[in-house]
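The block underneath contains the structure these notes are about, expressed in structure tokens.
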Amino acid sequence: MEERDEFRSLRKLRCGERMLPLDPSQKEVLRFAVSCRILTLTLQVLTRFLGSSTPIVYWFPAHLLQNQEPLLRSVDTVPEENAPPGIKAPRNCILKLLYNWKACSPVTRCILGYFLTYWLLGLLLHCNFLPWT
């Protein structure tokens, strides 16, 4: 009998019986949660759009690195295993800069620090299901 009464009360709520209004603190929390979600989604979409469609974001640091870093002015080459004899492939410039961190200019340290921090934060936050692009 009690189960029927519960079912009827639930059915009444669905059929148009008025629900209790939210108190002001719940309204504020709901408004805050919705606005944070909209802001997060907007930022994620904007950064993905800029990162994937605007190469100038990457060209400018590359230009600064080419002009400011003496370690990048001479490109070392090593023989590639699968290449025909006499053809050499360039070494990885980023690893060269990271191995010689103390010899790098301050501009290079800032650029590498920014991209490494962005990569590490993205890795940590994405694995924990937090918003990151």
Side-chain angles (χ1 to χ4, degrees):
M1 187 74 171
E2 291 176 19
E3 291 177 16
R4 283 185 166 176
D5 292 337
E6 281 184 33
F7 181 71
R8 285 181 187 163
S9 64
L10 287 175
R11 194 170 66 183
K12 284 181 184 178
L13 276 176
R14 289 183 187 154
C15 292
E17 188 176 292
R18 205 165 170 196
M19 294 182 68
L20 296 174
L22 295 173
D23 66 5
S25 64
Q26 288 178 339
K27 287 181 183 180
E28 291 172 8
V29 170
L30 181 64
R31 188 179 313 131
F32 177 74
V34 169
S35 61
C36 283
R37 185 63 182 159
I38 290 171
L39 178 67
T40 302
L41 288 174
T42 304
L43 287 175
Q44 284 183 344
V45 168
L46 283 176
T47 53
R48 285 181 187 164
F49 176 72
L50 287 175
S52 66
S53 67
T54 311
I56 199 160
V57 174
Y58 306 106
W59 287 346
F60 185 66
H63 175 71
L64 286 176
L65 283 176
Q66 287 294 327
N67 286 341
Q68 300 288 329
E69 189 52 51
L71 289 173
L72 292 178
R73 290 198 182 124
S74 64
V75 178
D76 296 335
T77 57
V78 292
E80 196 173 308
E81 294 176 9
N82 298 332
I87 295 179
K88 295 182 177 182
R91 289 187 183 193
N92 189 342
C93 298
I94 300 298
L95 289 179
K96 183 178 178 181
L97 292 175
L98 290 175
Y99 290 144
N100 299 313
W101 179 263
K102 290 185 179 181
C104 291
S105 68
V107 172
T108 303
R109 288 185 191 176
C110 289
I111 292 172
L112 288 177
Y114 170 76
F115 282 108
L116 287 173
T117 304
Y118 189 86
W119 171 75
L120 186 62
L121 277 175
L123 180 70
L124 293 174
L125 293 176
H126 181 74
C127 291
N128 291 314
F129 302 105
L130 295 169
W132 190 259
T133 54

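Scanning both residues, Arg109 and Lys102, for their nearest heavy atoms gives NH2-O, 2.8 Å. The shortest non-hydrogen separation linking Pro55 to Ser53 is CD-O, 3.5 Å.
A distance of 10.0 Å separates SG in Cys104 from NZ in Lys96, rounded to the nearest 0.5 Å. One finds the CG atom of Leu97 at 5.5 Å from the CG atom of Leu112 (value rounded to the nearest 0.5 Å). Residue Phe115 holds its CZ atom at 7.5 Å from CD1 of Ile111, rounded to the nearest 0.5 Å.
Between Tyr114 and Pro61, the closest side-chain pair of non-hydrogen atoms is not below 4.5 Å. At a threshold of 4.5 Å between non-hydrogen side-chain atoms, the residues Leu120 and Leu116 do not count as touching.
Distance alone, capped at 3.5 Å, is enough to place a donor-acceptor pair between the Glu69 side chain and the Ser105 backbone.
Placement of Leu98 and Val107 within a single hydrophobic cluster is found when ILVMFWY residues are connected by side-chain heavy-atom separations under 4.5 Å, directly or transitively. A continuous path of Ile, Leu, Val, Met, Phe, Trp and Tyr side chains, each step under 4.5 Å between heavy atoms, connects Trp101 with Tyr118, placing both in one hydrophobic cluster. Linking ILVMFWY residues whenever their side-chain heavy atoms come closer than 4.5 Å, directly or via other members, places Trp119 and Leu124 in the same cluster. Hydrophobic clustering (ILVMFWY, side-chain heavy atoms < 4.5 Å, transitive): Ile38 and Leu46 are in distinct clusters.
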